[in-house]
Amino acid sequence: MKAKGIDQMDPSAKEGSGAIRHHDYVILGAGLCGMYGLYRLLEIDADVVVLESHEDLGGTWFKNRYPGCRFDSESYTYGYSFSPEVLSEWSWSEHFASQPETLSYLNYVAQRLDLRKHIQFGSQVSSAVFDDELTLWTVTLVDGRRFTCRVLLAALGLLSAPVKPRIPGVETFAGSSFHTYDWPEGVKLDGKRVAVIGTGSTGVQVISSIAADVDSLVVFQLKPNWCAPLNNSPITTAEMEQIRGSYTDIFSRCDATPGGFVHGPDPRSFWEVPPEERRALWEKLYAAPGFGIWLGNFREILQDEDANAEFSAYIAEKICERVDDPQVAAKLIPKDHGFGVNRVPLETNYYEAYNRSNVELVDLEHTPIIEINETGIRTTHRQFDFDIIVYATGFDAITGSYDRIDVRGVGGISLREKWADGPLTYLGVQVAGFPNFMMLGGPHSASVATNFPRAIEFSVKWVSGLIAYMRGRGCNRVEPTEEAEAEWTDHIRELYQRQLLRNSTSWFTGRNPNIDGHDKTRYLIYTGGAPRYRKTLNEVANDEYRGFHFS
Ligand SMILES: Cc1cc2nc3c(=O)[nH]c(=O)nc-3n(C[C@H](O)[C@H](O)[C@H](O)COP(=O)(O)OP(=O)(O)OC[C@H]3O[C@@H](n4cnc5c(N)ncnc54)[C@H](O)[C@@H]3O)c2cc1C
Ligand SMILES: NC(=O)c1ccc[n+]([C@@H]2O[C@H](COP(=O)([O-])OP(=O)(O)OC[C@H]3O[C@@H](n4cnc5c(N)ncnc54)[C@H](OP(=O)(O)O)[C@@H]3O)[C@@H](O)[C@H]2O)c1
């Protein structure tokens with residue numbers, strides 16, 4: 001069978017043979033990103049199905065049900081901007097909504113836009129193999145079902161592959177233990193002896209939320225993070241009306257900032273502003289809601305070691321003011337990196353949790369964990385017994401959900417092998433050797449480092465434009481050239497060199513002791529800011545999609 005236009009398959013293939021179902025487009029993942037991808041494809045009457053491994057939609061917001069899970073994006077900047085109906089009907093109750101509210105929002109969107117009937121839940125994809133002769137992807141699920149499609153769109157999530165720590169005996173604990181991504185329903189915490197391992201954004205939210213409810217809480221901290229107050233508050237009805245009337249301005253503001261948030265960098269130079277004025281700004285930002293303290297600060301804080309050191313010292317002072325015991329405060333102040341080079345956890349009473357008599361901080365740099373055993377955790381200092389161990393140990397970020405699928409391109413080339421030392425992409429959209437495989441908010445895109453929905457709406461629209469271009473020209477195949485891919489990947493590496501985050505050991509650089517082969521820096525994200533990313537991609541589109549090869 002010879003391939004035809006991008007969505008004009010032979011009817012025989014459409015009906016499928018045996019258990020194989022054909023759709024012109026298959027989207028992998030029904031999180032925020034896959035849902036919008038679906039909406040856009042339905043708008044052009046495409047024959048599309050979404051395959052989702054979970055039992056329901058929402059991805060991040062379906063799975064992360066741990067106590068305290070909420071936005072660090074302002075709620076009204078996180079919602080989709082494309083639907084006037086949704087914007088006019090949905091009301092957020094807090095400036096930084098909690099997980100249940102966000103999940104309700106996504107369910108409301110799915111119902112309002114009638115998306116559910118196009119999503120197949122309980123459909124975990126294990127492999128995706130490209131047939132070069134037929135220009136066709138075959139997608140196989142873990143239960144053996146198979147689908148074929150002309151175009152395969154990945155909306156697999158950047159933080160959807162949870163990772164437990166590599167600690168001897170991790171499977172031997174007789175109590176209840178789970179990763180925060182898999183927080184079980186109905187866990188009772190009161191009266192329980194609880195351990196939390198990990199102090200990233202997730203650990204920080206869990207610790208602050210459960211400290212008062214549990215009998216005892218021991219926090220196992222490898223390295224501390226620089227945290228700052230979220231300063232959340234309810235949104236009144238009147239405020240929501242005002243927000244509703246300002247959506248155009250709010251989204252334009254987000255579009256104008258590098259991070260896609262309402263917070264853009266202070267335009268002044270750090271060194272030209274007198275120290276007392278700098279401090280006055282920081283006091284204001286520390287008391288203000290959201291990421292202003294990180295992204296509304298002087299640019300130099302993220303680029304210049306001296307500026308960063310001065311600001312980090314300011315935040316260290318705040319930690320010391322908030323934590324009663326100076327020795328505990330000292331353990332909570334990062335020594336290996338400055339403020340903001342890792343994603344900043346925004347917190348509510350996190351530092352105050354350590355002033356409680358039932359909370360203990362174990363500094364694993366001084367007393368490492370030797371093992372997890374039947375009754376608890378043994379460090380070089382002593383044995384701790386628990387009823388519950390919570391792993392807030394993060395994710396195989398950005399490429400983990402790709403690596404968990406056996407994706408094979410032209411000639412059987414493996415995506416996992418191609419990306420063994422980090423992703424290679426063109427524009428964060430496609431990979432050479434993998435025709436018609438398109439990533440929505442994938443590695444090397446701007447989505448990863450920014451207010452996600454703002455960037456993802458752009459990525460989905462851009463990919464829709466690429467598909468429309470192919471349809472318009474009667475093409476059925478697109479892939480980037482090797483040269484374009486190499487150039488873009490070099491550009492990503494080069495952008496890292498301008499930022500202090502190049503030295504970080506967080507998921508921004510993909511170094512993770514819990515994953516084989518992730519001991520060196522991986523260049524995962526576009527750090528040039530969302531406006532520049534959009535400009536570049538729009539230029540490529542206007543230049544007849546230079547760097548792509550169509551046939
Ligand atoms: C706790 C937490 C809080 C966050 N808060 C914010 C925030 O405030 N602001 C912000 O901008 N971002 C935040 N993020 C990032 C967040 O992940 C994104 O905002 C966004 O939700 C990602 O949407 P997505 O659709 O790309 O990915 P996901 O929501 O992760 O969805 C991906 C989907 O793909 C599915 N999938 C993966 N592999 C397979 C497979 N093999 N087969 C079938 N289906 C598969 C998954 O099951 C999942 O449903 C947060 C992340 C976490 C973990
Ligand atoms: N909206 C929000 O407020 C919010 C909330 C949660 C998550 N998120 C998003 O999700 C991202 C990931 O957050 P996350 O906290 O889940 O993951 P994370 O930032 O990667 O943090 C993982 C934590 O686990 C620790 N850890 C890993 N392996 C360990 C081991 N073997 N022993 C002891 N500790 C270990 C890490 O320590 P080291 O750092 O020392 O390695 C780190 O403290 C965030 O950066 C953010 O983008 C957002």
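Here the structure is a predicted model, which means the values were calculated and not measured. Both counts, for ligands and for their atoms, begin at 1 and track the order of listing.
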Check your understanding: Between Arg322 and Glu352, is there a salt bridge with N-O shorter than 4.0 Å?
Key -> yes
Check your understanding: Counting each atom of ligand 1 from 1 as listed, which ones have a heavy atom of Leu51 under 4.0 Å away?
Key -> 43 (C), 44 (N)
Exercise for review: Would you check the N or O atoms of Arg70, main chain and side chain alike, for any that come under 3.5 Å of an N or O of ligand 1?
Suggested key: no
Check your understanding: Can His118 and Arg116 be counted as having a side-chain donor-acceptor contact under 3.5 angstrom?
Key -> no
Exercise for review: Counting heavy atoms only, name the option from Tyr402, Trp61, Tyr181 that's nearest to atom 3 (C) of ligand 1.
Suggested key: Trp61
Review point. For atom 11 (O) of ligand 1, what is the nearest protein heavy atom, given as residue, atom name and distance?
Key: Phe452 N, 2.8 Å
Practice item. Would you check the N or O atoms of Pro453, main chain and side chain alike, for any that come under 3.5 Å of an N or O of ligand 1? Key: no
Point to revise | Where ligand 1 meets Phe71 - atom numbers and elements under 4.0 angstrom, heavy-atom basis | key: 8 (O)
Review point. Regarding His54 and Gln124, is there a side-chain donor-to-acceptor distance under 3.5 Å anywhere?
Key: no
Exercise for review: Verify the distance criterion only: is there a donor paired with an acceptor across the side chains of Asp363 and Gln221 at less than 3.5 Å?
Suggested key: no
Exercise for review: Consider only side-chain N and O atoms of Asn308 and Ser312, and report whether a donor and an acceptor are under 3.5 Å apart.
Suggested key: yes
Revision key, fill the gap. For Ala155, the atoms of ligand 1 under 4.0 Å from one of its heavy atoms are 32 (C), 33 (C), 34 (O)
Review point. Are side-chain N/O atoms of Ser93 and Glu101 paired as donor and acceptor at under 3.5 Å?
Key: yes
**Study point:** Between OG on residue Ser176 and CZ on residue Phe386, distance to nearest 0.5 Å
**Key:** 13.5 Å
Check your understanding: Using a 4.0 angstrom limit on heavy atoms, which residues are close to ligand 2?
Key -> Tyr66, Arg70, Phe71, Asp72, Leu159, Pro165, Ile197, Gly198, Thr199, Gly200, Ser201, Thr202, Gln205, Leu222, Lys223, Arg343, Leu364, Ala392, Thr393, Gly394, Phe395, Trp507, Asn514
Check your understanding: Between Thr509 and Arg502, do the side chains contain an N or O donor and an N or O acceptor separated by less than 3.5 Å?
Key -> no
Check your understanding: Got the closest protein heavy atom to atom 53 (C) of ligand 1, with its distance?
Key -> Asn64 ND2, 3.6 Å
Review point. Can a salt bridge be assigned to the pair Glu365 and Lys335 using a cut-off of 4.0 Å between side-chain N and carboxylate O?
Key: no
Revision key, fill the gap. the protein heavy atom lying closest to atom 24 (P) of ligand 1 turns out to be Cys33 CB, 3.7 Å
Point to revise | Atom pair CD1/CD1 of Ile315 and Ile293 - distance to nearest 0.5 Å | key: 4.5 Å
Review point. Is there a donor in the side chain of His381 and an acceptor in the side chain of Thr367, or the other way round, less than 3.5 Å apart?
Key: no
Check your understanding: Between the side chains of Arg522 and Thr399, does any donor sit under 3.5 Å from an acceptor?
Key -> yes
Check your understanding: For His54, is at least one N or O under 3.5 Å away from an N or O on ligand 1?
Key -> yes
Review point. Which of the atoms of ligand 1 are close to Tyr66, meaning less than 4.0 Å from one of its heavy atoms?
Key: 1 (C)
Study note, to complete from the structure: of all protein heavy atoms, closest to atom 19 (O) of ligand 1 is Tyr78 OH, 2.6 Å
**Study point:** Pair Asp182 + Lys63: basic N to acidic O under 4.0 Å
**Key:** yes
Point to revise | Per-atom contacts of ligand 1 with Leu159, taking only distances under 4.0 Å to non-hydrogen atoms | key: 51 (C)
Review point. In chain order, what residues pass the side-chain contact (heavy atoms from CB on, under 4.5 Å) check against Pro289, with sequence neighbours excluded?
Key: Phe96, Asn231
Revision key, fill the gap. Atom 38 (N) of ligand 1 sits nearest the protein heavy atom Leu156 CD2, 3.4 Å
Check your understanding: For ligand 1, which atoms, with element, lie under 4.0 Å from some heavy atom of Ser160?
Key -> 30 (O)
Review point. Does ligand 1 have an atom that lies less than 4.0 angstrom from a heavy atom of Gln124?
Key: yes
Review point. Who's the nearest protein heavy-atom neighbour of atom 47 (O) of ligand 1, and how far?
Key: Glu52 OE2, 2.6 Å
Review point. At a non-hydrogen distance cut-off of under 4.0 Å, which region of Ile405 contacts ligand 1 (side chain, backbone, both, or neither)?
Key: side chain
Check your understanding: Counting distance only, does the side-chain N/O of His95 pair as donor-acceptor with the main-chain N or O of Leu230 below 3.5 Å?
Key -> no
Review point. Quick one: does atom 14 (N) of ligand 1 have a protein heavy atom under 4.0 Å from it?
Key: no
Check your understanding: Hey, does Ser53 come in under 3.5 Å of ligand 1, counting only N/O atoms on both sides?
Key -> yes
Review point. Which atoms from ligand 1 have a heavy atom of Ser123 less than 4.0 Å away?
Key: 42 (N), 43 (C)
Review point. Any N/O of Gly29 closer than 3.5 Å to an N/O of ligand 1?
Key: no
Study note, to complete from the structure: Closest to atom 7 (C) of ligand 1 among protein heavy atoms sits Asp72 OD1, 3.2 Å
**Study point:** Ligand-residue contact atoms, ligand 1 with Gly157, heavy atoms, under 4.0 Å
**Key:** 26 (O), 27 (O), 28 (P), 30 (O), 32 (C)
Point to revise | Residue pair Asn451 / Ser73, side-chain donor-acceptor N/O under 3.5 Å | key: yes
Check your understanding: Would you say ligand 1 has an N or O under 3.5 Å from any N or O of Thr60?
Key -> yes
Exercise for review: Applying side-chain contact (heavy atoms from CB on, under 4.5 Å) between Tyr80 and each of Leu87, Val109, Leu113, report the one that passes.
Suggested key: Val109
Practice item. Among all protein heavy atoms, pick the one closest to atom 40 (C) of ligand 1 and tell me residue, atom and distance. Key: Val125 N, 3.7 Å
Review point. With distance as the sole criterion, is a donor-acceptor pair present between the side chains of Gln383 and Asp385 under 3.5 Å?
Key: yes
Exercise for review: Tell me which part of Thr450 gets within contact of ligand 1: side chain, backbone, both or neither, using heavy atoms under 4.0 Å.
Suggested key: backbone
Review point. If we ignore angles and hydrogens, is there a donor and acceptor under 3.5 Å between the side chains of Glu457 and Ser81?
Key: yes
